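Written out below as structure tokens is the structure these notes cover.
All residue numbers refer to positions in the sequence shown, counting from 1. Counting starts at 1 for both ligands and their atoms, in listed order. Just so we're clear, the structure is a prediction, and the values are computed from it rather than from any experiment.
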Amino acid sequence: MTTESTRQGDVANRALAPDGVQRIEWAAREMPVINLIRERFRKERPLAGLRMAACLHVTAETANLMLALRDGGADVVLCASNPLSTQDDVAAALEATYGITTFAIKGENNETYYRHIHTALDHAPHMTMDDGADLVATIHKERRDLLATIVGGTEETTTGVIRLRSMAADGALNYPIIAVNEADTKHLFDNRYGTGQSTLDGITRATNVLWAGKNVVVAGYGWCGRGVASRARGMGAQVIVTEVQPIPALEAVMEGFRVMPMLEAAKIADIVITLTGDINVVDRHHLEVMKDGAIVANSGHFNDEINIPALASMAEGTRPARPFVEEYLLGDGRKLFLLGEGRLINLAAAEGHPPSVMDMSFANQAMAAEYLASNAGRLAAGVHTIPRDLDEEVARIKLHSMGIAIDMLTEEQKKYLSSWESGT
Ligand code: ADE
């Protein structure tokens, strides 16, 4: 186990810290809920004495969460949850200015990525905080000695929750995890409006493409897909949705999108964006029929939604066309452009979701950590949802911070809603 005074993180360049501080402070202006929680945590210290390991995208928004956890009394270390999502200036500020040990370098290879995860786990955490379940998976596969002292964990994202549920179904999950993603104030906003905006932002920054008039194929019509489809339509694109499940497919149709199999969509796509959480959604046979110049990007958690090995094997050569844009020259003369190595393009080529939406996601994270701390030993191993009152509290504070008031039920209305006797 490491102690605060002996710990040293691993960041790209500590000299970037002043830029990181600026960016973290700028984000804080749009994070009223986490700021309020931070203030309360400073007084109440609900996480005092707890060692935490967090594996999250190392961004300005995450930094504000880390500061809230630290002020709540946690001894927290942070590592990246994706090799390409780290903001190096923020990592430097956390490490050099705020004293939060951070292991994260933008562009790190897989070996460094996992070394960072293991080093964070050397902290012997009582609590884990994941975005994609890599800490939990590593602990259960390789660091089982740590299980004895862990009281619980939290999980940020859909893909991580799916992974954890399959662990739980196999009887392989040994501690309680709060699925933060399941909170309404998380997925209805972060996944939809956050992913919607930041995905278009990432693709725009990488390519400078004009969306108006483009055929944009959105693979997956979950909350993230919905956000991207709606924002792409708002920019004037012709949006096509692909799905494997009939109900979301039907919703997409009735929302006014064209729906068709990927093999058809791939032939007419100018831009394909995957957000499914599954592998090879854009596979070799889809790549084979794409138009010259088509752009392929992923905004799902892992980089396996596009069959990149197949694309590489089809190519006679590759070269960087711009930062985060790789050109693949195929044998038949077509060029396809892969963005951000197939990693989540919103974090690879842009700054991820804006702080205003991460405010709610991370308020849920902070409250989930507090809930786990106050229920230590009382929750069964498995996947838990955040209590509804905490979820609603996040929405209430957010509305208040936006200066928006809502009505309250009258006594008469409460009585009406709880009775079954009155009808027509
Ligand atoms: N996931 C998506 N956007 C993010 C951000 N800005 N910070 C942390 N995690 C994110």
Check your understanding: Between atom CG of Leu69 and atom CG of Asp75, what is the distance when rounded to the nearest 0.5 Å?
Key -> 11.5 Å
Testing the 3.5 Å rule here: is there a donor-acceptor pair between the side chains of [X] and [Y]?
| X | Y | result |
| --- | --- | --- |
| Glu142 | His118 | yes |
| Thr159 | His301 | no |
| Ser230 | Arg192 | no |

Point to revise | Backbone N/O of Ile268 and side chain of Asn215: donor-acceptor pair under 3.5 Å | key: yes
Point to revise | Non-neighbouring partners of His126 that pass ring-ring contact (aromatic ring centres under 6.0 Å, His included), sequence neighbours left out | key: none
Exercise for review: Below 4.0 Å from any atom of ligand 1, which residues have a heavy atom? Give them in chain and number order, please.
Suggested key: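 Residues near ligand 1: His57, Thr59, Glu61, Thr62, Leu347, Glu351, Gly352, His353, Met358, Phe362.
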